[in-house]
Protein chains: 2
Amino acid sequence: MVRVARLAKDRDADRTRSLILDAAERIFARDGLRAARTLDIASQCHVTKAMIHYYFGTKEKLYQAVLDRVFLERIEGMQLASLRALPPRDALDAYISRLFGQMARKPHLGPLFALENIQNDGIYYTRSGGEVYRVLTNIVDRGMAAGVFRAMDSRHAAIIIMGACVHYFNVANNVRILWPERRHFDERLLREHIASATDFVSSALLMRRVRPRTAVHR
Amino acid sequence: MVRVARLAKDRDADRTRSLILDAAERIFARDGLRAARTLDIASQCHVTKAMIHYYFGTKEKLYQAVLDRVFLERIEGMQLASLRALPPRDALDAYISRLFGQMARKPHLGPLFALENIQNDGIYYTRSGGEVYRVLTNIVDRGMAAGVFRAMDSRHAAIIIMGACVHYFNVANNVRILWPERRHFDERLLREHIASATDFVSSALLMRRVRPRTAVHR
DNA sequence: GTCTATAGTTGGATAGAC
DNA sequence: GTCTATCCAACTATAGAC
């Protein structure tokens, strides 16, 4: 190691802390808590491992801090309280739109939550993360009561809708399965997915009149 | 360690090999390749770590063997070739039904594939795993051509449908978010999910005539 | 606040007896 | 084919200089 101590004027506790959180968020979103390496996190943001322990104590506490931060961001970004007040169709549209707004800004959030659910049963997030699901359940229930959504179990509906929206991000690094001509995550594909998923969910839920087709083969 | 060498008559290479694969499948489905511990796998099936290396060489090769096996099971269980021959609606029903048949038998398959996609970009599975998606794409394309499915990009549709079906298994260990009265994965919930998801996907895709509602509030 | 150096532990893999 | 014992690399976390 030839690196020299950073100049005093370049030291900034808030900035360093936030850089570590940003890097940790990306690394944890790929590796999960157990497989993530503090060295990977440190070198991604050009600090030393010691800094992680100086600011966060342990890897586990850093992980908790990461989830606490994204949880706050999500709660603010989704504006859940306001959704409960909107009429069901508008609330559904707004819910999905805000959800995708967040995922578009940070495509790794899907994997981060997926790993947390699978590997840790959501114990680092669930504390109050369930609100995101419960608001969606509420929207579906109100839509059914108002007669604008088809009848179905709203809790299953919430999980299915969420899956329809977020699965894309879990397979995003592997899209060459379906798009061999593309090797990586792509801005245009993302926009297409958002449009498709929004449309898909609406079609599944909405009671709607369809203009009769001329040719129906079965 | 007080355990004594197993009696010669109780030695069975095929059985041991298969026990290791079973245990590894479960552990990898929770931890992923990197975080999985060979000691965990070994103790789950009451053999020693040494046996894993005797039969499979390295942890990575064991992981590959696990994915190769589930890949074969899936290909056989899905009977993909036959699906290409069915009319679109029947093919879609059969596809989803067979998919859920496999997931019901092994609920950890969802997490196993999710981790593989997120953490390894599918490189241990994709070799030919894309066929499962491509058949679904083909079904959707044929359904649109026949006028029985709504118009949409079939590749996005495939990803969305898959997400609607499998997300449930990723959050299954965390269902107390929505069902506080239940603490664990549950047989009845699974059946409900299968029914809901099947219905959801059909409603989203099918061109159908809906009988007019009497009261529509917006 | 940031660095280097290192302690302490875990875990993948191997050697060799039975 | 299965076991015990052990090697060694990788990793988290700490100590202490600047």
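Every chain is numbered from 1, with letters handed out A, B, ... down the list of sequences.
- One interatomic measurement links the two molecules: CG of D31(A) to C1' of dC11(D), which rounds to 13 Å at whole-angstrom precision.
- Between W179(B) and H156(A), the ring planes are tilted. Angles from 30° to 60° get that label.
- Under 3.5 Å, the side chains of S196(A) and R191(A) contain no donor-acceptor pair of N or O atoms.
- Regarding F56(A), its CZ atom lies at a distance of 12 Å from the P atom of dG1(C), rounded to whole Å.
- Heavy atoms of A13(B) sit under 4.0 angstrom from primed sugar atoms or phosphate atoms, though from no base atom.
- Checking dG11(C), dT2(C), dT2(D) against the side-chain heavy atoms of R37(B) singles out dG11(C) as nearest.
- OP1 or OP2 of dT2(C) has not a single side-chain nitrogen or oxygen of T48(A) nearer than 4.0 Å.
- Relative to the side chain of R34(A), the nucleotides dG11(C), dC11(D), dC3(D) differ in distance, and dG11(C) lies closest.
- Contact of K49(B) with dG11(C) (side chain to base): no donor-acceptor pair of N or O atoms is detected under 3.5 Å.
- Each of Y55(A) and L39(B) was matched to the nucleotide of DNA chain C holding its nearest heavy atom; the match closer to the 5' end belongs to Y55(A).
- Comment: R34(B) engages D31(A) in a salt bridge, judged by a side-chain N to carboxylate O separation of less than 4.0 angstrom.
- Contact annotation: T38(A) does not reach the phosphate of dA13(D) (side-chain N/O to OP1 or OP2, under 4.0 Å).
- Closest to the A50(A) side chain, of the nucleotides dT4(C), dC3(D), dG1(C), is dT4(C).
- Taking the six-membered ring where tryptophan is involved, the planes of F169(B) and F100(B) are tilted, since the angle between them lies from 30° to 60°.
- A35(A) comes within 4.0 angstrom of nothing in the nucleic acid, heavy atoms only.
- We find that CD1 of I41(A) is positioned 11 Å from P of dA13(D), with the value rounded to whole Å.
- Considering only the side chain of T58(A), dA13(D) comes nearest among dA13(D), dA13(C), dC3(D).
- Note: CD1 (I52(A)) to P (dC3(C)) measures 12 Å, nearest angstrom.
- Atom pair L62(B):CG and dG11(C):P shows a separation of 17 Å (rounding to whole Å applied).
- Using a 4.0 Å heavy-atom criterion, one finds that A42(B) contacts no nucleic acid atom at all.
- Counted by atom type alone, N138(B) and R134(B) present zero donor-acceptor pairs between their side chains at under 3.5 Å.
- Rounded to an integer number of Å, the gap from D40(A) CG to dA10(D) P is 13 Å.
- Between the C1' atom of dT2(C) and the CE atom of M51(A) lies a distance of 4 Å, rounded to the nearest Å.
- In this entry the distance linking NE2 of H53(A) with P of dC11(D) reads 13 Å, nearest Å.
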